[in-house]
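Working notes for the structure below.
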Amino acid sequence: MTVYPNTAELILRLGELNDLRRQGVGSLMVDHFCEVARESGCHSLNPDWERLQVLEDAERLIIWVAEYVSPDSDNSEVVGYCCSVLAEHMHNKDQLQLVNNAIFVSPTVRSTGVGGLLMRATEDSAAEWAADMVWHAPAHSRLDRILSSSSGYRPTITSYVKKESNG
């Protein structure tokens, strides 16, 4: 099903772990992996559902879901998600951070503002917890360009990945 922004209402909602398992967000997770995760050193998509469940049970998993809902039916299409973890800084337990694990917007709706809405919702969640917002942006990605041009953010760490040799 294809639902276009001009014929449907965009719904932004707090999600839950089960959203990541369902067809909508689950399909986007696969698309996200195919597009960027392999380059970041992830060998395969194999979510640690048990660990994610522990985080959700501890109210430390923040998931935002964006979906278009057709006004004349019950049809909807998930077009983006953002998953973050609330954690104390390892060197200062009094410093709370909301660390983004993944943000992905379907290529069919990019440049329509969906990504910006997901980012603002996540930042609002960080503010509710009085937490610093931490984004991991792949080098030279659109997210990297957005954050580097924002006056509210500054780069703090450059990460490098060395893949394990298998033979």
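The two atoms that bring Val65 and Gly15 nearest to each other are CG2-CA, 4.1 Å, heavy atoms only.
With rounding to the nearest 0.5 angstrom, the CZ atom of Arg60 is 10.5 Å from the CG atom of Leu98. One distance of note links CZ of Arg120 with SG of Cys82; it measures 12.5 Å at 0.5 Å rounding. The CH2 atom of Trp135 sits 9.5 Å away from the CD1 atom of Ile146 when rounded to the nearest 0.5 Å. Rounding to the nearest 0.5 Å places CG of Leu86 at 10.0 Å from CG of Leu55. Here Asp144 contributes atom CG and Ser149 contributes atom OG; the two are 9.5 Å apart, rounded to the nearest 0.5 Å. Leu52 CG to Cys83 SG: the interatomic distance, rounded to the nearest 0.5 Å, is 6.5 Å.
Of the residues listed (His89, Gln97, Gln95), the one engaging Asp132 in a side-chain hydrogen bond (donor to acceptor under 3.5 Å, both in side chains) is Gln95, and it is the only one.
Under the 4.5 Å side-chain heavy-atom criterion for ILVMFWY residues, a single connected hydrophobic cluster contains both Leu17 and Phe104. Val99 and Leu20 are members of different hydrophobic clusters when ILVMFWY side chains are connected at heavy-atom separations under 4.5 Å. Under a hydrophobic-cluster definition in which Ile, Leu, Val, Met, Phe, Trp and Tyr are linked whenever side-chain heavy atoms come within less than 4.5 Å, directly or via other members, Val134 and Leu147 are assigned to different clusters.
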_Test side-chain contact (heavy atoms from CB on, under 4.5 Å) applied to Leu10 and Val79, step by step_ = CA-CA 9 Å; Leu10 179 67; Val79 294; 4.3 Å; yes

*What's the verdict on side-chain contact (heavy atoms from CB on, under 4.5 Å) for Asp124 and Trp64, showing C-alpha distance, side-chain angles and the deciding distance?*
CA-CA 11 Å; Asp124 289 347; Trp64 282 97; over 6 Å; no

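For Glu67, the salt bridge (Lys or Arg N to Asp or Glu O under 4.0 Å) partners at least two apart in sequence or on another chain are Arg13. Here Glu56 pairs with nothing under the salt bridge (Lys or Arg N to Asp or Glu O under 4.0 Å) rule; sequence neighbours left out.
Annotation: side chain of Trp129 is in contact with side chain of Leu96 (closest heavy-atom distance under 4.5 Å). Using a 4.5 Å cut-off on side-chain heavy atoms (C-beta onward), Val85 and Leu61 make contact. Put simply, the side chain of Met133 reaches to within 4.5 Å of the side chain of Asn100, judged on heavy atoms. Two residues are said to be in side-chain contact when any heavy atoms from C-beta on lie closer than 4.5 Å; Thr122 and Ile62 fail this criterion.
Seen from the ring of Tyr153, Arg145 does not count as a face-on cation partner, given the 6.0 Å and 45° thresholds.
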